[in-house]
Structures are given as C-alpha cells and as structure tokens.
Amino acid sequence: MADDKKLVSAITSMEDDFAQWYTDIVKKAELVDYSSVKGCTILRPYGYAIWENIQRIFDGMIKETGHENVAMPMFIPESLLQKEKDHVEGFAPEVAWVTHGGSEKLEERLCVRPTSETLFCDHFAHIVQSWRDLPKLYNQWCSVVRWEKTTRPFLRTREFWWQEGHTIHATKEEAEAETLQQLDAYETLCRDYLCMPVIKGRKTDKEKFAGALDTYTIEAMMHDGKALQSGTSHFFGDGFSRAFGVQFADKNNKLSFPWQTSWGISTRLIGGIIMTHGDNSGLVLPPAVAPIQVVIVPVAMHKPGVLDKAREIAAQLKAAGIRVKLDDSDQSPGWKYAEYEMKGVPVRLEIGPRDIEKNSCVLVRRDNREKTFVDLDQLNTAIPEMLEAFAQAIYKKAKDNLDSNIVTATNLDEMKAAIADKPKFVKAMWCGEESCELEIKEKTGMPSRCMPFEQEHISDVCACCGKPAKKMVVFGIAY
RNA sequence: CCAGAUGUAGCGCAGUUGGUAGCGCGCCUCGUUCGGGACGAGGAGGCCGUGGGUUCGAGUCCCGUCAUCUGGACCA
C-alpha cells in the first residue's frame, strides 16, 4: 500500500527519461504552470522566488560596478528594428507583431521586443552628445518575446524574463573591458551562488549574436551531458552607433561613434539549476537562491511543547538571517520530508519530543540525506556551516560531472565516437573556416559551443579538414 | 516548421461491437494519528480540449483546430 502510493507520487527517474524527469520536477516542485498561450508559462511563487533571489544577487553585483536600471517600452516600431541589418535578419523570423491598437489599425506595425538593442540605441542617440555623457551603464529587468517553435519551461519559452545590460563607451578598449567584466560577473554568479561550473569562451562567427562583433558565453553542462548557454556578453564595436546615428564630441571637439556592449541572463538559469543539481527525489537548490533554506518539520506536534519549540527555533533562525519555513500543517512528517525534498530545500530540521528532552534537533542535508544531531544552542553556527558545506558539495558534484564528460578528439570519427553513448563536450582543433564548422555540425550533430579562453593544444591540424588549426573549440549538443 | 504520441474531476488513468461516465490519489468535514509520502467514516467535484460532421443516439467513428509531451530543424 505504502509502496503503491510512492509510485503514484514519484517522479520519473532521470535515467529512464531525462526530459520527463525535468518536466516532472518543474511541475511537482510548483515552479511553473502552463498558461493558455503556447510557450508562455506562469512562474508560480516558488519558481519566481528563485528568480527574485537571482535578481537580487546579480542586481547587487552590477550596481557595485556602476550600472543603473532603466525601463524601456516593450514595443519597437518596425523601422527602428530594421536599422541594423544583421540584427534584424537575426531576429525577424521570431518576432511577434502588433498591428492594431484597439480598433485602430497602426500605420506602422510594432514588434514586441525580442531584445532591446534598438530601443537603447535610439535612446542613446537622444542623450549622448559629448564625451562627458559617457559611459552610460544601463540595465533593465524585463521580459522579452521570441516566437519559438518548440518550447520547454525555463529552457525555451516564447516569453521569458531576463536582464539585459546595455552600455555605451567612448573607447573601444573600455567597451571590450566591459564585455569581459560582465562575462566574469556571470561566471561568478554561476560558480559562487548557483554552484554551477561553466566554461568561458568566445562564440565562433557563425554562432555569435546578430549584430555583434564578438559574442562571449558561459556554457554549463547538464546531468545528461548536454550544454546550456547560461549567459552571454556581446561587444558591438561601433556598428550600432553608426546604424543609429549615435555620435559624441570628444575632448578635441571631434565627432566620433561610441562603442557598445550588451549582456544577458534569463530565467533559463533556473532550468540550468534543475538539470545541474536535481536528482530523482526532485529539485536541489543552491542555498544562495533557495527560497527556503531550512524547513522545520515538527514531529508529533500535537504533543505539548513541540510546536512552541519549533516556533521558537524558527524565530531564532529568522533573526539570524536564514530563510526558514516552519511547516505546521497537519500533513504527516513523512509527507513533509518528501515534499521539501521535491522542492529542493537544502536543510531539513526535525524537532520532536525526543529531541526536546535532549535540547537538540536533527538536521538532514538534501543532497546526501545525512542526519546530524545538533544541540539547539549550536544551531546559529551549525546551520550556516551546513549550508556552506552543502553549496561546496553540490558545486563539486557538478564540477566532477563537467570534468568527466569533457573529452578530446582529433578527427570527425573520434568526435562521433565520443558521444556515441551519451552527449559530452568534445574539445577539438579547428582551422577557423565556417565550412568546417558546418561540416562538423552536420556529421557529428554537434554545433560549436565556444572557443574557451583556456586553450589547449590537442593537435596541429583541424579535426575536419586537416589544415593547420587556429583554435581549440568545444563542441556539444545544446538545449 | 516537420514527424510521432496524448488531451475524460485538481493530478494519474480506465472506459469493451457507438446506448448518456468510473477508479486511485488529491480536496472538504469529523475522529484517531504523527521519527520517511498515516488510518477510519462521511462528502463535494466532469458540456469527456475545442469546432464541425456521420447517427435515433458520439468520450467512443470521420474532418478541422488548439494545447501539451517526445524527437528533429531553429534559437537565450
């Protein structure tokens, strides 16, 4: 009987069906609900709270480096979108259009922003006149719309929430430094807060952002060996400035075009967290972004003193700055254990009559279910220590997964063989020709992910054509 | 966009050759419980995704459409 119920409520195991496992977690951890528009999901309170924590952390980071938040309109006139040729060609196929306002047919149709470069450029043209006006370090938190063909919660939705930074600088060097600084900020966010190791590098010309001179990326590896592009940072050169007529007078009163960047991370990161840390009991959340860091489960809570003690502990932890939830609902303890494991809460605190007698409680870690008996007087130090150890442990696990799923290959056959059983990152040398990149994609199924900053010498020649190699490239199957 | 699958109660499903809808979980009430998804007794809840068609009669057959899932192509 008990076993039957477990079967009913259990999620699909990731070994059986990774995609279904992912979908099960998304639903059962109450992160999203589907809406009545395809590809547009509702972020439920628990899912949105994770995003709020990511926002809070990253917003703090960019404020530290002098960025300011703004809010741009969500509509872009068609003529504005078309000013930069590469940009519009890249995005046109997936923009949504507004043709009517109420009963009025619009003279010029408006697209719902797929990204806001054009809006920022148009604005910069209004406000930038002099070198004294530079740089502008802007960012906005918003949602954008891209009419994707197939959609999956967090990973690919038609509307998604993100931040987009847009900066404009007097010199090329300054803009390039900004591009890399923000890429580093993304790496820090992923590594130190989301416990996700990433590979940092530059995109090939084929894979770079529409309108960018250089696109940089952080690539994370999921449990199943697939890649997730987790953040990108673009250097635009002065191409957008020229297209939009943004000019400034330098100190010698000479007119020149300023240099621009843009960079973004999105709610896709939540999908990355799920597929990096989750297990067959559900979600596993990094403490820094977990909406609940410690859940208190009272045992035999009808017995005198139990609930009072649980409330006392909750108040104490809250005062210590820990995000804590006391679940005093009338579900059984076992039900609560399973529920908060599904929701990925890092630490569970059990408190019952037997503990109270000993002035202690039980702490259980979500990642390994290790139980520790802790004196109640020690909680304020024991819990932060456990959260820190937890964060390090899940980072290490993710790092091990990354390290053990990167292989090298010197030719197409080796590349194919490397991913025969499961997807991996494959490092291979490349001559720099797009034709080879295309051929590799066609013959191995793997597009290039990036040219890592940390280059290695695997061989002298391109894995595809055998001509002298210029770069080591990481290839992989991506979400 | 292409291919396959699926839409029946909140969730998971059953529903026979077409005859007017059922099970488990969940939910509500009361009681007993509480250290790994507790138990009993009552109870509420469904235009069978949606629009047409065939038929005396459609959850069931036919056509369209929408959504979701899976896999491709495309992309944060």
*Does Arg365(A) come within less than 4.0 Å of Glu370(A), counting only side-chain N to carboxylate O?*
no

_Salt-bridge present (Asp205(A), Lys208(A); N to O < 4.0 Å)_ = yes

*For Tyr337(A) and Phe209(A), take the nucleotide of RNA chain B holding the closest heavy atom to each; which residue's nucleotide lies nearer the 5' end?*
Tyr337(A)

*On RNA chain B, nearest-nucleotide positions of Gln20(A) versus Lys206(A): which is more 5'?*
Gln20(A)

*asked:* Counting only side-chain nitrogens and oxygens, does Ser332(A) get under 4.0 Å of the OP1 or OP2 atom of C34(B)?
replied: no

*Between U68(B) and Lys38(A), is there an OP1 or OP2 to side-chain N/O distance shorter than 4.0 Å?*
yes

_Under 3.5 Å, is there any donor-acceptor pair linking the side chain of Thr150(A) to the base of A73(B)?_
yes

_Under 3.5 Å donor-acceptor pair, Gln331(A) side-chain atoms to G37(B) base atoms_ = no

*Out of Trp141(A), Trp162(A), Phe58(A), Trp161(A), which residue meets the ring pair (Phe, Tyr, Trp, His ring centres under 6.0 Å) rule with Trp51(A)?*
Trp141(A)

*Tell me which residues in residues 222-230 of chain A put a heavy atom below 4.0 Å from RNA chain B, sorted by number, or none.*
Gln229(A)

*Taking the six-membered ring for Trp, does His302(A) stack with C34(B) (centroid gap under 5.5 Å, planes within less than 30°)?*
yes

*Donor-acceptor contact present, side-chain His277(A) to main-chain Val284(A), <3.5 Å*: no

*Side chain Trp335(A), main chain Ala338(A), donor-acceptor under 3.5 Å*: no

*Identified salt bridge (charged side-chain N to carboxylate O under 4.0 Å, His left out) partner of Glu219(A) from the options Lys200(A), Lys203(A), Lys226(A)*: Lys203(A)

*Considering only the C1' atoms, how many Å lie between C61(B) and U54(B), rounded to the nearest integer?*
8 Å

*For G24(B) and A5(B), measure between their P atoms and round to the nearest Å.*
31 Å

*To the nearest Å, how far apart are Tyr22(A) OH and C69(B) P?*
10 Å

